[in-house]
Structures are given as C-alpha cells and as structure tokens.
Number of protein chains: 2
Amino acid sequence: MEDESLRLDNQVCFTVHAASRALDGIYRRELRDLGLTYPQYLVMLVLWEGGPGAADGRPPTVKELGASLRLDSGTLSPLLKRLEAAGLVRRDRGVHDQRSVHVRLTAGGSALRRRARQVPARIFAATGLDEGELTHLRHALGRLTTALDGALLDTAASGAAPE
Amino acid sequence: MEDESLRLDNQVCFTVHAASRALDGIYRRELRDLGLTYPQYLVMLVLWEGGPGAADGRPPTVKELGASLRLDSGTLSPLLKRLEAAGLVRRDRGVHDQRSVHVRLTAGGSALRRRARQVPARIFAATGLDEGELTHLRHALGRLTTALDGALLDTAASGAAPE
DNA sequence: TACAATTTGACTGTGCACAATTTAATTGTG
DNA sequence: CACAATTAAATTGTGCACAGTCAAATTGTA
C-alpha cells in the first residue's frame, strides 16, 4: 500500500471539488427566480457594494471587476454581455481611456438587490454550519488558496527531481 | 448595515469557489505532462483502484463511475471518449445488458499509473497544510457537502416564506 | 406475445474557466 | 512627430458541469 497522507490530500482535493459543486447547485436553486447564476451573482454583489473603486464615484472597469473576483476577460466579457442583455448592467467605453469598459448598474440591476437580500440567509441555512465553523472554514480555505497561488508562481523552477 | 453572519457565508462560498479553482490550477500544472485534466485524473484514480466494483472482476460501468465521482453522463461520456482517444481506456457495451458501457484500462492506461505516483506528494506540498489541518478541512467540507445535498433534496418544499 | 414503464447512456444547449491570440488605444522614447 | 512597448478587452478553442431531451434496451405485467 501507499503512504496514507498521500491518499489524504487527494481526498481533500476531491472534497473541495465536491463542496464547490454542491454549493453551485444550491445557488442555482436560490438564484433561479432572479435569473442569475452564481458567478453572475458575485458580479452583482460587487456592483451593489459600489464596485472595487467604491471610494471614487466612478463605476468599475472590467479589469477591476476581474481583479476583485479573480476572473479574467474570457469569463467576464460574455458574462457581462449576458447581464447587459438581461437589462441589469450597462457597459460604456471610458472617456479618458477608450480601452477601458466601465460597468454600471441599470435601474433594474439596482432594483434586483432587494429581491436578492434573502439569498445569503437561505444559503447560510443550507450549509448546516454555525458561524464559528464558517469562520474556521473560511480561514483554512484562505490559507490553502494563498499557498496554492504561491506554489503556482514558482512555475518554471522545481523541475521534476527524479527519485 | 446588515447581519455580519450573512456577509460571512458569502465569503465562505467565495473561498470554496476560489480554493477549487486554485486547486484546479495546481493540478493543471502537475498533470500537464501526463496529458490529463483533474477530472480525467479522478477517473483514472478510480480505475487504477479497480473501480467501484472492485470486488467483482468486472470493469465498472459509466453509471458506476459517475456514482463514485458524482459526475453524470453528460460530463463522463465526452470525458471517457477523450480518454479512449488518448489510448488510456477502452469502452465496451455490456454482454448481458447492452445499455451499459463498461470502462477498462488499456495497457497504456495502466502504465500511466507509475508516472502519476508522484502527483499526490507534489499537490500535498503545494497545499502548505499539514496532515491534521487537511483532515480537519476534509471533515468540515464533508459536513458542508452533506448538508447542502440534503438541502437540495428538499426542493419543492420550503417555499419563499414572505417577510 | 404484446405493451407500458423504467433504466441507461448519448446528445444538445447554456454557461463557467482558462490559455492563447488578436485588436485597439495609450504611453514612453527618440 | 514617429514608432516601439505596453495595456485593456475581446475573441477563439478546449474542457468541465448540468438541465433537458431522446433513443435504445430491459423488465414487468397482462
């Protein structure tokens, strides 16, 4: 047989994967009435909060949205177009820098916030965990993600050491 | 402002999502040489273990594979076709039940196991967590997934209670 | 045997995620 | 001003995930 700890990390990876999909399933159900998917909901959350540049009155760019949610343009561009088609956001080229696309809520997009208010409570209930467990889980996953991102930066090095 | 615990669960959901993607990125790097994606690697792991019906000498069906990995045929069918195209597995209709498709390793698929042996250790190292933390995380995520799956079964009920 | 119900897997369409490339606009430098 | 380098989005292609639908095969029952 093999080292138990090696088996263990596979299982952890699997449970992270499974939990992510289970969470996606719950959000799918809770957001169906709002016509949103989970990633779309995340984008709307950021916009409802005022966006990454909430300090300024300026609406956030695609790049800023992507940075705060860790999504790239290949994911965000079509997603934002769908939100625009649904009448929830507007996309306008920047005045100063024509490369930038600023994303702002429409009246309909802002109005949706009220209907989305009950979503977190329902998700919280579905998790079956209490506040302390969620906090602990959040910290553990945060450390995990930070470590993984760090490991991913050391790309070229750490070549396959034989044996 | 709002209840802090409501904010918290959104963050947990986000960290699960983020951790899942970070993990996917690490696996992408570690499995590139083997020509596998993470879900494909999971399928190969199950097959290397002998499959869900390891007790019998019988190779597992697509349905059995899906049950053990929580993947449905819409995901598994094309995935297995890619593994077959890569020469790693063979798919044969069952003799007794022509509806079933049995999946078995080819010689190449079995041989790949040796090259994949070092993968778990590298992933384990990349997580930056020790065995105890991984165990704890695994249990917490397991409870979370179980609760979410349970909540997902109570679909029709729990209608939107207003107020 | 004939037929309805169930089971199984494939197929289609939508959407997320990421890598790689492309295009357009800006900035820096001579 | 001209031109190279950089930056921002969009686009393309591959693959995962799931809902919904479909066809084929089996099973149960009359």
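Below, chain A is the first sequence line, B the second, and so on; all start at residue 1.
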Looking for any heavy atom pair under 4.0 Å, which part of the strands does A/L79 touch: base, sugar-phosphate only, or nothing?
-> sugar-phosphate
For C/dT8, take OP1 and OP2 only and decide whether either is under 4.0 Å from a side-chain N or O of B/S73.
-> no
Could you give the CG-to-C1' distance, from A/L31 to C/dG15, as a whole number of Å?
-> 14 Å
Return the value, rounded to whole Å, for the distance between atom CG of B/D92 and atom C1' of C/dG9.
-> 15 Å
In whole Å, what is the span from the CG atom of B/L76 to the C1' atom of D/dA19?
-> 16 Å
Quick one: is C/dC18 close enough that its OP1 or OP2 comes under 4.0 Å of any side-chain N or O from B/R28?
-> no
B/R28 (side chain) donor-acceptor with B/L36 (main chain) under 3.5 angstrom | no
Quick one: A/D24 CG to D/dA19 C1', roughly how many Å, whole number?
-> 13 Å
Taking N and O atoms by type only, does the side chain of A/R99 place a donor or acceptor under 3.5 Å from a partner on the base of C/dT26?
-> no
The nucleotide from D/dA9, C/dA19, C/dA25 with an atom nearest the side chain of A/R93 is D/dA9
From C/dA25, D/dA17, C/dC18, nucleotide with atom closest to A/Q98 side chain = C/dA25
Proximity to the side chain of A/D97 - top-ranked nucleotide from C/dA25, C/dA10, C/dA17 | C/dA25
C/dA20 pairs with, by Watson-Crick or G-U criteria that keep both distances under 3.5 Å = D/dT11
Take the protein atom CG of B/L80 and the nucleotide atom P of C/dT8, then report the distance between them rounded to whole Å.
-> 16 Å
Side chain of A/T75 only, please: which of C/dA17, D/dA19, C/dT26 is the nearest?
-> C/dA17
Whole-Å distance separating the CG atom of A/D72 from the P atom of D/dT11 = 14 Å
Do the side chains of B/T61 and B/V103 get nearer than 4.5 Å, heavy atoms only?
-> no
Hey, does the side chain of A/H96 come within less than 4.0 Å of C/dT26's phosphate (OP1/OP2), counting only N and O?
-> no
List the atom pairs, donor and acceptor, that lie under 3.5 Å between side-chain atoms in residues 136-144 of chain A and the rest of the protein, sequence neighbours left out.
residue : atom : partner : partner atom : Å
A/R138  : NH1  : B/Q11   : OE1          : 3.2
A/H139  : ND1  : A/T135  : O            : 2.8
A/R143  : NH2  : B/E133  : OE2          : 2.7

Where the side chain of A/S77 is defined as all heavy atoms beyond and including C-beta, which of D/dA10, C/dA10, D/dA17 is the nearest nucleotide?
-> D/dA10
Any donor and acceptor pair, going by atom type alone, linking the side chain of B/H102 with main-chain N or O of B/D92 inside 3.5 Å?
-> no
Which word best sums up how the rings of B/Y27 and B/Y41 line up, parallel for under 30°, tilted for 30 to 60°, or perpendicular for over 60°?
-> tilted
Do B/R21 and A/D149 sit within salt-bridge range, that is, some charged N less than 4.0 Å from a carboxylate O?
-> no
What is the nucleic acid contact for B/L71, judged by heavy atoms within less than 4.0 Å: base, sugar-phosphate only, or nothing?
-> sugar-phosphate
Rounded distance in Å - CZ (A/R21) to P (D/dG15) = 19 Å
Looking only at side-chain N and O atoms, does A/K81 come under 4.0 Å of OP1 or OP2 in C/dT14?
-> no
Taking OP1 and OP2 of C/dA19, is either one under 4.0 Å from a side-chain nitrogen or oxygen of B/R29?
-> no
Using the closest heavy atom to pick a nucleotide of DNA chain D for each, name whichever of B/P78 or A/H102 lands nearer the 5' end.
-> A/H102
Starting at NE2 of A/H17 and ending at C1' of D/dG15, how long is that distance when rounded to a whole Å?
-> 12 Å
Which residue lies toward the 5' end of DNA chain D, B/R70 or A/K63, if each is placed at its nearest nucleotide?
-> A/K63
